[in-house]
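As the structure lists them, so they are numbered: ligands from 1, and atoms in each ligand from 1. For reference, positions follow the sequence shown, starting with 1. Model, not experiment: these values are computed from the prediction.
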Amino acid sequence: MRTPLCVGNWKMQGTIAEGRALATAIRDGLKRPRGVDVVICPPFTALAAVNEVLSGSPLRLGAQNCHWEAAGAHTGEISLPMLVEVGCRYVLAGHSERRREMCETDDQINRKVQAALVHGVTPILCVGETADERRQGLTFTTIEGQLRAGLAGLTPDAIARIVLAYEPVWAIGTGINATPAQAAEVHGYLRGLLSELSSKDAAGAIRILYGGSVKAENADALAAEPEIDGVLVGGASLNPGGFIAIAKKTARAGATGKGE
Ligand code: 13P
């Protein structure tokens with residue numbers, strides 16, 4: 001029932017020419033992806049070029065960040081209408097790197113999620129605990145706080161239109177992924193909260209992605225968990241062969257795991 005989603009987050013990497021080449025290779029390797037939606041999130045400078053490459057293909061474009069205002073005196077920021085103009089259908093909100101490095105607050109993230117929905121862009125709300133929080137038994141408290149704050153003030157219908165990503169901070173860029181069981185436990189908890197905040201039906205339709213050291217070697221096992229509806233891939237999305245393999249595994253494992 002939930003089509004798996006495979007998202008590549010290139011982070012702050014690559015020239016326009018490199019982005020064009022990478023997107024072309026991914027597009028050509030995923031001409032007719034079956035049973036999986038694929039989204040690429042390049043840096044802002046490469047969005048227009050990658051949009052041209054993806055146009056007419058089933059792959060979608062996403063941005064890594066946005067401002068919540070449509071326009072104004074916000075030096076250095078990019079608005080949702082600007083992202084829509086360049087072809088973005090998705091936007092990440094609340095990535096842990098931005099929470100940590102840019103001191104993004106839950107309130108700002110909430111405004112971004114709301115603004116994205118107003119402009120018809122699907123927000124991918126990211127939540128996740130640090131290693132310390134996990135050690136202290138605060139995993140569920142942390143993600144619950146981030147989820148409730150990120151979705152504050154949204155109607156149940158609006159909540160139904162988001163994508164959620166669980167990215168444990170200790171798993172990002174470390175090579176240590178959460179085990180499928182660890183991720184599935186958190187995803188199940190998040191779905192229960194979504195059900196409370198929207199409805200059981202809406203929560204059942206929301207895709208919850210896992211992110212953190214996803215690679216071709218662990219994608220099968222992660223996607224085979226019924227509660228994992230896809231992946232948010234950082235480092236491994238910069239390698240076309242690896243990302244294509246991950247997308248295909250996400251589709252295949254997702255299809256069997258979800259009893260289609
Ligand atoms: P890595 O896949 O490099 O661990 O990064 C995950 C991530 O932060 C995706 O948004």
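- Within the structure, the closest approach of S213 to ligand 1 falls below 4.0 Å when heavy atoms are considered.
- Atoms of ligand 1 lying under 4.0 Å from any heavy atom of N9, numbered from 1 in the order shown and given with element: 9 (C), 10 (O).
- Those atoms of ligand 1 with a heavy atom of G235 less than 4.0 angstrom away are 1 (P), 2 (O), 3 (O).
- When only non-hydrogen protein atoms are considered, atom 2 (O) of ligand 1 lies nearest to G234 N, 2.9 Å.
- Comparing heavy-atom distances from atom 5 (O) of ligand 1 across E167, K11, H95, K215 singles out K11 as nearest.
- Side chains of V7 and V38 form no contact here, defined as non-hydrogen atoms less than 4.5 Å apart.
- Between E129 and R134 there is a salt bridge, since a side-chain N of the basic residue sits under 4.0 Å from a carboxylate O of the acidic one.
- Checked by distance only, ligand 1 and V233 stay at 3.5 Å or farther apart across all their nitrogen or oxygen atoms.
- Residue pairs satisfying the ring-ring contact (aromatic ring centres under 6.0 Å, His included) criterion with at least one member in residues 172-206, sequence neighbours excluded, are listed as follows: F140-Y189, Y166-H187.
- In summary, the atoms of ligand 1 found under 4.0 Å from a heavy atom of I172, numbered by their order in the structure, are 4 (O), 5 (O), 6 (C), 8 (O).
- Ligand 1 has an N or O atom lying under 3.5 Å from an N or O atom of G173, backbone or side chain.
- Salt bridge absent: R111 and D106 never bring a charged side-chain N and a carboxylate O closer than 4.0 Å.
- Contact annotation: A171 has at least one heavy atom less than 4.0 Å from an atom of ligand 1.
- Side-chain N or O atoms of S79 include one that pairs as donor or acceptor with a backbone N or O of A70 at under 3.5 Å.
- One side chain, E167 or H95, offers a donor N or O that lies under 3.5 Å from an acceptor on the other.
- Within the structure, ligand 1 lacks A236 among the residues with a heavy atom less than 4.0 angstrom away.
- More than 12 heavy atoms of other residues, nucleotides or ligands sit less than 6.0 Å from atom CD of Q136.
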